[in-house]
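Heads up: numbering here begins at 1 and tracks the sequence.
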Amino acid sequence: MKAVRDAVPIDAVVSEYLQLRNAGGGNLKGLCPFHDEKSPSFQVSPAKGLFYCFGCQEGGDTVDFVMKIDHLSFAETIERLASQAGITLRYEEGGYTPGRQQGERIRLVEAHKHAAKFYAEQLDGAEAEIGRKFLASRGFDQAAAQHFGVGYSPAGWDHLTRFLRGKGFSDKELILSGLAQDSRNGRPIDRFRGRLMWPIRDITGEVIGFGARKLRDDDNGPKYLNTPETQIYKKSHVLYGIDLAKKDIAKTSRAVVVEGYTDVMACHLAGVTTAIATCGTAFAGDHIKILRRLLMDNSAAEVVFTFDGDAAGQKAALRAFEDDQKFAAETSIAITPGGMDPCELRLAEGDAAVQSLVETRTPLFAFAIRQMVARHNLDTAEGRAAALEAAAPIVGNIKNSSIQHEYAVQLAGMLGILDTQFVVRRVGQLARWARERGGRPEQGRTHHRAAPAPAAPQPPVRSGPALNLRSPAQLTERELLKLALQRPELVAPAFDAYGEDEFTAAPYVTVRRAIEQAGGVTDAPDDYLTRVRDAAPDDTVRALVTELAVEAIRHKNVDEVYAGMQLVQVRLRAVERRVQEVQGSLVRLNTQAAPEHLAAVQNELWVLEQYARSLKDRGAAAL
């Protein structure tokens, strides 16, 4: 298993799911994929092959990360990583039989991979001419279809089913994958028949589902038919095009949200390569989490929603505004002209028009204010008053006070109220009330983008006595253990002679014990950290080992001098504690003890005091 872990760098795996940036000391950081957070506390150490979140305490190696984020078993994770690395696995109980021995999830992904290739090949056939004409009518040529993997599902009952059976997939696997469905005679038939097929990929690029577009009038099904919810496909967790857009989203700090598969294609071909879309569901919380991890919630980041200019599109835009508070990024809206979607716009006016659509966006909260005002009759005093009461809470919940004041003044102008300061005061009053209610907006309105992200769940309580990071002794012990895990050569061989009683915090004692059971720091092998984590008695200690192995060392120059200082401080404090114990023994013994016993205790005290003095004078040389 070590070969599999080492073959796939952890930063390469993690960066498939979130944007990583330099955190110093050779580490990388990003927004944790396991809990909601506004500031990145998730760190990856490529050199050690470990990750750790200082917010929720999730941590481990490459295998742990893939198991947790994709909900895979250990065996499925090893199989996936081995496949990525080109490593052939051999099983202890005989030969390798993929159909029997691969994990269920891996089998479903593999079935979709074969299905995507099958559908793509069918697009070149005579029957698929209707599909090619549809693509051409939308402005997409053969190269565009190949780039997005668009294919065609034959109109027969079981073309794909028979093809996948020939690849070794069972009827049960075909049903579980959503690629086939039960028929009246009990035998599975193709779920998608006579339709144009878009493969839906997860953020790593694996095909996990399909979107199928109706082409013929005699097809009684819906216009778009998607893969049903399966073990690998959850529509609320998927964004179409995210595999193609993720690098440019991270690079440009901008994501463009459109409404359909052809809109994503049109945007990408027009040069807007950050476009993504939901798969038959409204843009919601889980989609936001995906984008936040790519955008890193920096102040320059932006999410642009594109909607048709009709009433339905405006309603969708206001729904998107309800989620504005969940982004630290700026949220904007681009309303397509004449009710056209981006695909129709590109066909009618060319690539430049699609690019211009995105560049001429409007801040989403400004759009929401205008929409709220437009609902009222501003020709009457009653209408203006009602519009003020409806729109002022939106302005009042803008957290940036300068922007809030500017929009309050603009609101007065929209309403035609000459007393601008009256509107400003009313907005300020509503803002104060919102703060007093804990930030809850009036009438269900939302916050400006600078509102805090939803509170992160509380980290699990560590078993055993709590660590006191204000204690100088425990800070030094922590630093020494970090050195022992991250730079064992700097503290070897002295560290291996340190007893458990030299550490005052019980959790640190368990880590010291795990290091000893793993063989110590002297001549630490390449898999030293893995051995220490394996030696940990439970998940709590294992998590602490991972945390210490990833946490930055508290010094700019990590060298033998700094390591020696930590070794000396831990030893010196241990000696001083023993001095106090011996002095207490002398007081208790007084003159009642036997002379030889008293002399032995006095001699121990003298030796300890001399050693303490030597440590202070000579430092690491006295160890």
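Residue Arg425 places its CZ atom among more than 12 non-hydrogen atoms of other residues, nucleotides or ligands, all under 6.0 Å distant. Heavy-atom contacts from other residues, nucleotides or ligands closer than 6.0 Å to NZ of Lys113 number 12 or fewer.
Here the options are Tyr224, Tyr261, Tyr233, the test is ring pair (Phe, Tyr, Trp, His ring centres under 6.0 Å), and the partner is Tyr240; only Tyr261 passes.
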With ring pair (Phe, Tyr, Trp, His ring centres under 6.0 Å) as the test, would you mind laying out the steps for Phe192 and Tyr152 before giving the verdict? CA-CA 9 Å; Phe192 306 108; Tyr152 175 80; over 10 Å; no
Determine whether Phe140 and Phe148 satisfy the following criterion, ring pair (Phe, Tyr, Trp, His ring centres under 6.0 Å), listing intermediate values before the conclusion. CA-CA 10 Å; Phe140 305 127; Phe148 291 92; 7.6 Å; no
Audit row: Tyr119, Phe210, ring pair (Phe, Tyr, Trp, His ring centres under 6.0 Å) steps and yes/no: CA-CA 10 Å; Tyr119 289 142; Phe210 290 93; 5.1 Å; yes
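Residues Glu359 and Arg254 are paired through a salt bridge, judged by an N-O separation under 4.0 Å between the basic side chain and the carboxylate. For the pair Glu389 and Arg426, the salt-bridge criterion is met [side-chain N within less than 4.0 Å of a carboxylate O]. Classification of Lys234 and Glu229 as a salt-bridged pair fails, no side-chain N sitting under 4.0 Å from a carboxylate O.
By the side-chain contact (heavy atoms from CB on, under 4.5 Å) test, Lys133 is found to be paired with Glu129, residues two or more places apart in sequence or in another chain being considered. Applying the side-chain hydrogen bond (donor to acceptor under 3.5 Å, both in side chains) test to Thr274 and every residue at least two apart in sequence or in another chain returns nothing.
Residues Tyr52 and Phe42 keep their aromatic ring centres 6.0 Å or farther apart. If you look at Phe283 and Phe305, their ring centroids are closer than 6.0 Å.
By the 4.5 Å heavy-atom criterion applied to side chains, Thr336 and Asp341 are not counted as neighbours. Considering only heavy atoms from C-beta on, His147 stays 4.5 Å or farther from Met265 through its side chain.
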